[in-house]
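Please read the structure below before turning to the comments.
Here is the naming used below: chain letters follow the sequence lines, and residue numbers restart at 1 for every chain. As the structure is a prediction and not an experimental result, all values here were calculated from the model.
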Number of protein chains: 2
Amino acid sequence: MQKLTRKEQIERTATALFKSKGFAATSMRDLATALGIEAASIYSHIKSKEEILQRVCFRMADEFFEAIDVAEDKRKTASNRLRAAVAAHVQVLTNNTEASAVFLHEWRHLSEPLHGEFLALRDKYEARFRGIIRSGIQNGEFSVPDEKFAALTVLSALNWIHTWYKPEGKMTPLEIANSLSEMLLNGLTSK
Amino acid sequence: MQKLTRKEQIERTATALFKSKGFAATSMRDLATALGIEAASIYSHIKSKEEILQRVCFRMADEFFEAIDVAEDKRKTASNRLRAAVAAHVQVLTNNTEASAVFLHEWRHLSEPLHGEFLALRDKYEARFRGIIRSGIQNGEFSVPDEKFAALTVLSALNWIHTWYKPEGKMTPLEIANSLSEMLLNGLTSK
DNA sequence: TAAATTTGCTAACGGATGTTAGGAAACGTA
DNA sequence: TACGTTTCCTAACATCCGTTAGCAAATTTA
């Protein structure tokens, strides 16, 4: 257990509140109470409420990109690249369930230009999945009518995990990733 | 185009705002401005801000149940029951994109006991999908390790639609439903 | 021990929030 | 035309909001 700066403690507590109540419904006084201090004291460490949201959203974006950068190997088959991307994505999600929920749902409370920058990053990330699926279609591994539709469906199947995943649950992140890859690649039907 | 009561107009406008800005970030004065009246005037038609949220959430719950009740036919194969349930779900989602977004994301701003009642309904609905998958596993049609996990993955793949679906887009709701069923039942891999 | 930094406080600001009270036009119906 | 209902208004309430100013204790660093 590493030592956290006060600013990191604030971010962490805020992230938990943002996940459970939402950004807009979490007041600085709620956050202060959760930290055991006064609301005004928070401003010795951060500039604004939005700064917290910004840091969480963009840090998670970084994490997702780093994970997929490590996982993706263009020499592998499209199926194996998708398996690796799914595993990487699930690892990040399960390692940071609260920050992931904020990343997935609270980014819209960012004001411009952050809002636009965030959306651009998200598009770029989705494009990575589209690229994998496109190459699978081109070499005949995959058969799907619409590459973008398939990519969004894959990601949406992954992005529900944070709502139910508990570290103490019966499935490990790796098992979850394997089950999802299996289901996305081969479907429910018995072969 | 049927004639709407003022209360229905208020609900409809509020639903659009709740989807785009979120329940907590939408003020009664925002809603009033969108309607072209004063905030206080709204209270001639509704009791509270939460009443609007409640009505939207529970009406959509009704719609989802009605749709799956009509679609499900226990004499069909599990595959075809799943196809029908997916098509029903997609129809409701695409017919009410804004109310669906509220149903999926804003229900957590309901206070007790509504919050609990809503969750119970949602569990009951998910159980319908679990039931279909369970019967498919039992008769050998499906092969998946965890019935609950599979059901949640199916629903999560469906529940992203409202974020991108536009009635004027190139895919019809039926095409979307067919693509999704195909992908969920048979996966991405070519046969 | 002295200086610098971190952490927190009280008090208060200007504005936004959901909602109520009480009244007045406008409208449909008898 | 009279009556009940629908619709909307102004004014105001109590409370909550994010944030700032100014200051003091505590902790870390030199």
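Out of D:dT19, C:dT20, D:dC8, the shortest distance to the side chain of A:Lys49 is found at D:dT19. Of all nucleotides listed (D:dT7, D:dG18, C:dG18), C:dG18 comes nearest to the side chain of B:Arg29. You'll find that the side chain of A:Ser41 is closest to C:dG8, out of C:dG8, C:dA11, D:dA11. In this structure, the nucleotide among D:dG18, C:dT7, C:dT19 sitting nearest to the side chain of B:Ala39 is C:dT19. Listed candidates were D:dT20, D:dT7, C:dG8. Nearest to the side chain of A:Tyr43 is D:dT20. Closest to the side chain of A:Met28, out of C:dT20, D:dG18, C:dT19, is D:dG18.
Distance, A:Leu35 CG to C:dG8 P: 8 Å, rounded to whole Å. Following rounding to the nearest Å, B:Lys47 (NZ) and C:dA21 (P) show an atom-to-atom distance of 15 Å. Rounded to whole Å, atom P of D:dC17 lies 12 Å from atom CG of A:Leu31. A straight line from CZ of B:Arg6 to P of C:dG28 spans 14 Å, rounded to a whole angstrom. Between the CD atom of A:Glu51 and the P atom of D:dG18 there is a distance of 15 Å, given to the nearest Å. The interatomic distance linking A:Ile42 (CD1) with D:dT20 (C1') rounds to 14 Å, in whole Å. The separation between A:Glu38 atom CD and D:dT20 atom C1' is 15 Å, rounded to whole Å.
Side chain of A:Glu141 to main chain of A:Ala78: a donor-acceptor pair is present (N/O by atom type, distance under 3.5 Å, no hydrogens or angles). Of the possible donor and acceptor atoms, none in the side chain of A:Ser179 sits under 3.5 Å from a partner among the backbone N and O of A:Ile176.
Taking CG of B:Leu110 as the start and CG of B:Leu119 as the end, the distance is 9.0 Å to the nearest 0.5 Å.
In this pair, B:Trp164 and A:Phe149 present their aromatic rings perpendicular. The plane angle is above 60°, beyond the 30 to 60° band. Taking the six-membered ring where the residue is Trp, B:Phe23 and B:Phe18 present perpendicular rings, their angle passing 60° and hence far from 30°.
In this structure, A:His45 does not reach the C:dT6 phosphate: none of its side-chain N or O atoms is under 4.0 Å from OP1 or OP2.
Judged by atom type and distance alone, A:Ser27 does not reach the base of D:dC17 through any side-chain donor-acceptor pair under 3.5 Å.
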